[in-house]
Amino acid sequence: MEQPVVLSFASLRQRALDCTACALSTTRTNVVFGEGAEQAKLLMIGEGPGEVEDATGRPFVGPAGQKLDEVMNSVGLRRQDVYITNIVKCRPPGNRVPTRAEAEACTPYLEAQIALIQPSVIVALGNTPTQWLLPDAPGITQSRGTFFSWRGGILVFPMFHPSYLLRYPSKEKGSPKYLTWMDIQKVKAWLDEQARGPEGTPAQI
Ligand code: SF4
């Protein structure tokens, strides 16, 4: 895809489904475009599809997706309330981190999705989307749990990727899981505040 173009969701999805702009097109089973509410206030962005996502064409439906559901459900958020997608729409073999070239080839789709959805807040799940959105931010361990201003109108809120929580299942205070449950409460509180009316934006760094 050569440049970000604001198409309808259906046209954009079709363009992605036919895409061969990077080498991931040669190893994917399905393109995982994203799904959810097309007018969502909350956009969640992960790194890339995993094995189950590649097999089904749906984002976050494997074990990490089930963990993400658990995190969202803990504050009453449902899949149909948010939009979920990834930096790259095709699975990197072995779930490796997408290369810079792959991310650069694919992120025009993400740019177009953001333009269509116009979310109020973007949750960046893990280092890869955080670095793409906030190249000057510290690593995810330091940046998580903080609202950042992005392009002057949208907030970005980094959180741990749910696959990280699967590797560290402890719920003890200070653990990734404990911090993530705290973080999603901050997101929900902010969404609730916005729903009540314009009372300003939260503090940001
Ligand atoms: S990862 Fe993105 S740019 Fe690469 S082939 Fe898939 S849709 Fe196209």
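All ligand and atom numbering here is 1-based and tracks the order in the structure. A quick note: this is a predicted structure, and the numbers were derived from the prediction, not measured.
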Going by the order shown, which atoms of ligand 1 are within less than 4.0 Å of some heavy atom of [X]?
X: R28; result: 5 (S), 6 (Fe)
X: A105; result: 3 (S)
X: C19; result: 3 (S), 5 (S), 7 (S), 8 (Fe)

>> Give me each pair satisfying ring-ring contact (aromatic ring centres under 6.0 Å, His included) with a member in residues 49-105, each pair once, sequence neighbours excluded.
In response: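 Listed by first then second residue: F9-Y83, F60-H161.
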
Validation row: [X], [Y] side chains within 4.5 angstrom (heavy atoms):
X: R28; Y: D54; answer: yes
X: L165; Y: F160; answer: yes
X: P59; Y: T85; answer: no

> Can an N, O or S atom be found in C106 less than 2.8 Å away from atom 8 (Fe) of ligand 1?
Replying inline: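 It does not: C106 brings no N, O or S atom closer than 2.8 Å to atom 8 (Fe) of ligand 1.
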
